[in-house]
There are 2 protein chains.
Amino acid sequence: METDTPIVETESHQAADAEDPSATTRARILDISLELFISQGYDKTSLRQIAEQLGFTKAAIYYHFASKADILMALHMQLHDFGREALASLGDDPTPEQWARLLDGLISRMLQQRALFILHERNQAAIEELHRESGALDHEDLQARFRQVLSNKELPADTRVRMACAFGSVMGALALAGDVFADVPSDTLGTMVRSAVSALLPYPSAD
Amino acid sequence: METDTPIVETESHQAADAEDPSATTRARILDISLELFISQGYDKTSLRQIAEQLGFTKAAIYYHFASKADILMALHMQLHDFGREALASLGDDPTPEQWARLLDGLISRMLQQRALFILHERNQAAIEELHRESGALDHEDLQARFRQVLSNKELPADTRVRMACAFGSVMGALALAGDVFADVPSDTLGTMVRSAVSALLPYPSAD
DNA sequence: GTCTATATAGGGATAGAC
DNA sequence: GTCTATCCCTATATAGAC
């Protein structure tokens, strides 16, 4: 399956400086879970299986996470933080120009974090359930924000569709990076996708 | 969730002329399953739940399908047939021009059948497992064919990336049709997506 | 063709020893 | 922080009545 390029990067080690063993274990759990959740799906992945790859048993995981859903939530939050930060620069109804610039600036970091995006694409149902159960905590969600931007009726329909296509282009390339595009260096791929985005949303770049 | 536009169209009623009750029930099972597999995911959807919506019980489903996986397989085959037919016109290593034309001709039918595409996007893991277990029966798979086309090293990398972006654009619009783009008529949406594809792969259309 | 009842298995989660 | 043992629940699938 993923024999060529590893999809999973090292996780952002939360608040751990270097040697905190518990944080390291936590990160290992997230790493392995991310990989399994992508390749097998969240539901088909059992805690027993995760524990097996870690080298210890199912129950040990409960020391680090309250539940299986909690692991998914932690991974979800990594993407959420990524998106929150990215969308912060956008107003309530961004212009397609702003949208193009946003994608342009994000692409290389999206490529680095592509496992998180693929996780979401392939486990939307599980993540939606997560939201339902958590009640919308403080959870102004990324996806909701995303839909809001693309729903903006101030913009002509064809522009909104182009914005969706631009995002779809990025996701399409992302999904194939390290697989069909394993031969293309990440930087190069980023440049090419940026070119595609500007072909879809042809606005002059000011600076 | 899907309160606005129903994602699921009426299924192709296999070999049933009109009144064959068993074929109708079969189609109903597929309809309901498709809807549930998309909204909840394949794994989280139980046969009990499907039967509930049908108005009878779990065991009755086994009269029409040998297993739960069989239902997914039937749905998968609908997309497979769609794709087989579509890709038939392509040679082994199509030019980007042929690719653009293919997408162009396919978009409106893809929009009609978008539930099948979304099913695949959101249940890739389950479908891959299906393939593993079925052994590759006669199964020259759609996805493999797809990767093959985009892996063609005869083409420059940027062209291949553009082809992937074009497909991603279609999928991106597809995923949002009836949701964010519920206000855009299907025909109009199709036209806009076609325009996006030709912006990504700008080749003159001959006929 | 649809039902009830049941066999069987596996997963999530908890308790408590070390 | 990791282990064993166990509880409880739900799911697939089968057998057999109607």
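Below, chain A is the first sequence line, B the second, and so on; all start at residue 1.
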Side-chain (A:Ser39) to main-chain (A:Glu35) donor-acceptor, under 3.5 angstrom: yes

C:dC3 phosphate, OP1 or OP2, under 4.0 Å from B:Thr57 side-chain N/O: yes

statement: In whole angstroms, the gap separating P of D:dA11 from CZ of B:Phe65 amounts to 20 Å

message: Can you see whether A:Phe37 has A:Arg122 sitting over its ring - NZ or CZ less than 6.0 Å from the centre and within 45° of the normal?
response: no

- request: Specify the separation, in whole Å, of atom OH of A:Tyr42 and atom C1' of C:dG11.
  value: 11 Å

- request: Report the C-alpha separation of A:Thr57 and A:Arg48 in whole Å, then their side-chain angles, then the decisive distance to 0.1 Å, and conclude whether the side-chain hydrogen bond (donor to acceptor under 3.5 Å, both in side chains) test is met.
  value: CA-CA 7 Å; A:Thr57 62; A:Arg48 192 183 87 14; over 6 Å; no

- prompt: Once you round it to whole Å, what is the distance between P of C:dG12 and CG of A:Leu72?
  reply: 12 Å

Check: A:Lys58 side chain, C:dG12 base, donor-acceptor under 3.5 Å: yes

task: Could you tell me whether the phosphate oxygens of D:dG1, OP1 or OP2, come under 4.0 Å of any side-chain nitrogen or oxygen in A:Tyr63?
output: yes

- prompt: For the pair made of CG in B:Asp43 and P in C:dA9, what is the distance, rounded to whole Å?
  reply: 20 Å

query: How far apart are the C-alpha atoms of A:Arg109 and A:Glu85, what are their side-chain angles, what is the distance that settles it, and do they pass the salt bridge (charged side-chain N to carboxylate O under 4.0 Å, His left out) test?
result: CA-CA 12 Å; A:Arg109 278 163 62 213; A:Glu85 183 193 341; 3.5 Å; yes

query: For A:Asp70 and C:dG12, what is the distance between atoms CG and P respectively, to the nearest whole Å?
result: 14 Å

- request: Mind calculating the distance between CD1 (B:Ile61) and C1' (D:dA11) to the nearest angstrom?
  value: 12 Å

message: Check whether B:Ser89 reaches the backbone of B:Ala86 with its side chain - one donor and one acceptor, N or O, closer than 3.5 Å.
response: yes

statement: Against the side chain of A:Ala59, the closest entry in C:dT2, C:dA15, C:dT4 is C:dA15

query: In whole angstrom, what separates B:Glu133's CD from D:dT12's P?
result: 14 Å

- request: Return yes if some donor-acceptor pair links the side-chain N/O of A:Lys68 with the main-chain N/O of A:Tyr42 below 3.5 Å, else return no.
  value: yes

message: What contact category does A:Phe56 fall into here, base, sugar-phosphate, or nothing, at under 4.0 angstrom with non-hydrogen atoms?
response: sugar-phosphate

query: Any donor-acceptor pair under 3.5 Å linking the side chain of B:Asn123 with the backbone of B:Leu119?
result: yes

- request: Please determine, for the side chain of A:Tyr62, which listed nucleotide (C:dA13, C:dA15, C:dT4) has the closest atom?
  value: C:dA13

- line: Residues in residues 45-53 of chain B with a heavy atom under 4.0 Å of DNA chain C, by number, are none

task: Find the distance A:Lys44:NZ to D:dT12:C1' and express it as a whole number of Å.
output: 11 Å

